[in-house]
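In what follows, every heavy atom counts, from backbone to side chain, and hydrogens, waters and symmetry copies are set aside. Indexing begins at 1, ligand by ligand and atom by atom, following the structure's order.
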Amino acid sequence: MDLGIAGKWALVCGASRGLGFGCAQALVREGVNVLIVARREGALEEAAVQLRADPLRPADASVLSVCADITTTAGREAVFAQRIDFDIVVTNAGGPPPGDFRAWDRDAWISAVDANMLTPIELIKATVDGMMARGFGRIVNITSSAVKAPIDILGLSNGARSGLTGFVAGASRSALAGKGVTINNLLPGAFDTDRLAAIFQGASARTGKSVETLSEARRTAIPAQRFGNPAEFGAICAFLCSQHAGYMTGQNVLADGGAYPGTF
Ligand code: NAD
C-alpha cells in the first residue's frame with residue numbers, strides 16, 4: 001500500500017533506538033524526510049547513519065538529526081531552529097522510573113509530567129497551526145498500554161500519560177479536525193527494547209528473581225507469546241501518519257499482542 005506521504009517532513013523524537021527509531025525507519029522507507037532527535041550524540045549519529053544506509057530508503061528521503069533533550073525549552077528551540085513546518089510529529093521521550101508512589105516527591109512528579117505530558121503538548125502547540133494552514137498534519141504520541149491498564153509500579157507513567165490522553169481527546173476534536181490535522185496516541189504493550197530490559201533489571205533487583213524468570217513470566221502472559229519489535233510498531237505509526245488514516249483522530253491505538261483483556 002502506498003501511504004501517500006512521500007516528500008512530507010517528520011519530526012521523530014527519542015529516535016536513536018527503540019520505538020522512536022522504529023517509527024523513523026518506517027517513515028523513511030515511505031519516502032518521508034525525517035529529523036530525528038535524541039540526547040546522546042554518538043547513538044543519534046549511529047541511528048542517522050543506519051537510516052541513510054537503509055536499502056529500502058528512497059534516494060530523495062533526507063535524514064537530519066538534532067542532539068537535544070526534547071523535554072527542555074532549549075532542546076525544542078534547537079529542533080525548531082532547523083525547521084518548524086513539519087507535516088508529521090511523533091512525540092516520544094524516555095518513560096519515568098518505576099517505584100513505590102510513597103517515594104515520589106513533587107520533583108519526581110514534575111519531571112514525569114514535563115516529559116510525558118507537557119513536552120508532547122508543547123510540540124503540538126508549536127506545529128499544528130502550520131499544519132492547519134497547509135491542510136495536512138499527523139501527530140502520533142507514543143504513550144503506553146498503562147493508560148488503559150495501569151501498572152502499579154509505573155504510577156508516574158500512569159498519571160502523566162493519562163493527563164496527555166485527556167488533553168488529546170479534546171484537542172484532536174477541535175478546529176484541527178476540519179483542517180486535515182489528526183492527533184492519535186499509540187500505546188505500546190511489551191516491546192523488546194532497552195526500556196523493557198531496564199524494567200526487568202529493576203524488578204530483578206527488587207524481587208531477587210532473575211531477569212530471565214521475570215521476562216519469561218511476562219512473555220508467556222501475552223496471548224501472542226512474544227514481545228513486540230520496533231519495526232512492527234513503526235509500521236503502525238506510519239499508517240497513522242498516512243493519507244489513509246485521515247478519518248482517524250483522537251484514538252488510542254493499542255499494540256500489545258492481545259495482553260489487554262477487555263472488549264474495548
Ligand atoms: P528506549 O529507552 O529503548 O528508547 C528511548 C529513546 O528516547 C532513546 O533514543 C533515547 O535516547 C530517547 N530519549 C529519551 N529521553 C529523551 C529526551 N528527553 N529527549 C530526547 N530523546 C530522549 O525506550 P522505548 O522502549 O523505545 O520506549 C519509548 C517510549 O515508550 C517510552 O516513553 C517508554 O516508556 C514507552 N513504553 C515502552 C514500552 C516497551 O515495552 N518498550 C512499553 C510501554 C511504554
Side-chain angles (χ1 to χ4, degrees), residues 11-26 34-48 50-51 65-79 89-99 111-120 122-123 140-151 153-162 164-165 185-203 214-215 218-219 221-222 224 226-234 236-237 252-257 259-260:
L11 167 63
V12 187
C13 305
S16 67
R17 61 178 194 218
L19 303 179
F21 180 82
C23 294
Q25 186 178 51
V34 297
L35 188 158
I36 58 171
V37 184
R39 286 170 305 180
R40 279 185 293 272
E41 184 84 56
L44 180 67
E45 274 326 298
E46 265 175 46
Q50 198 180 331
L51 291 173
S65 61
V66 172
C67 184
D69 181 340
I70 201 66
T71 66
T72 65
T73 305
R76 291 188 291 275
E77 281 173 358
V79 169
V89 174
V90 180
T91 77
N92 178 34
S111 47
V113 168
D114 238 347
N116 298 113
M117 178 181 173
L118 300 182
T119 293
E122 288 296 336
L123 294 169
V140 176
N141 302 302
I142 301 181
T143 65
S144 174
S145 61
V147 172
K148 262 183 97 92
I151 301 165
I153 56 161
L154 292 178
L156 290 169
S157 171
N158 302 337
R161 295 190 204 272
S162 295
L164 174 66
T165 305
N185 303 316
L186 185 45
L187 285 55
F191 276 78
D192 192 6
T193 67
D194 291 354
R195 161 85 177 171
L196 190 63
I199 285 179
F200 289 137
Q201 274 150 17
L214 293 164
S215 166
R218 180 85 186 267
R219 182 186 69 74
I222 299 169
R226 66 176 178 86
F227 299 126
N229 65 67
E232 61 193 341
F233 188 85
I236 303 169
C237 175
N252 290 286
V253 178
L254 186 61
D256 70 347
Y260 176 73

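- Below 3.5 Å of separation, one finds no N or O of Gly18 facing any N or O of ligand 1.
- With no hydrogens or angles considered, no side-chain donor-acceptor pair links Asp192 and Asn229 at under 3.5 Å.
- Ligand 1 does not have Cys13 within reach: every non-hydrogen atom of the residue lies 4.0 Å or more from it.
- For the pair Gly20 and ligand 1, the shortest N or O to N or O distance does not fall below 3.5 Å.
- Of the protein's heavy atoms, Ile70 N, 3.0 Å lies nearest to atom 19 (N) of ligand 1.
- Inclusion of Ser144 in the set of residues having an N or O under 3.5 Å from an N or O of ligand 1 is not warranted.
- Considering only non-hydrogen protein atoms, atom 18 (N) of ligand 1 sits nearest to Asp69 OD1, 2.8 Å.
- Note that the CZ atom of Phe227 and the CG atom of Asp256 stand 12.5 Å from one another [nearest 0.5 Å].
- Comparing Asn92, Asp114, Asp256, Asp194 against atom 29 (C) of ligand 1, the shortest heavy-atom distance belongs to Asn92.
- For Leu19, heavy-atom contacts with ligand 1 shorter than 4.0 Å involve the backbone as well as the side chain.
- Counting heavy atoms closer than 4.0 Å to ligand 1, residue Arg161 contributes side-chain atoms (C-beta onward) but none from N, CA, C or O.
- Ligand 1 has no nitrogen or oxygen under 3.5 angstrom from a nitrogen or oxygen of Ala190.
- In the candidate list Gly75, Pro230, Ala68, Ala68 is nearest to atom 20 (C) of ligand 1, counting heavy atoms.
- Using a 4.0 Å cut-off to heavy atoms of Ala38, the atoms of ligand 1 that qualify are 11 (O), 20 (C), 21 (N).
- Annotation: Ile142 places no N or O atom under 3.5 Å from an N or O atom of ligand 1; distance criterion only.
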What do the steps show when you test Glu45 against Ser65 for side chain to side chain donor-acceptor pair (under 3.5 Å), and what is the final call?
CA-CA 7 Å; Glu45 274 326 298; Ser65 61; 2.7 Å; yes

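- For Thr143, the heavy-atom gap to ligand 1 drops under 4.0 angstrom.
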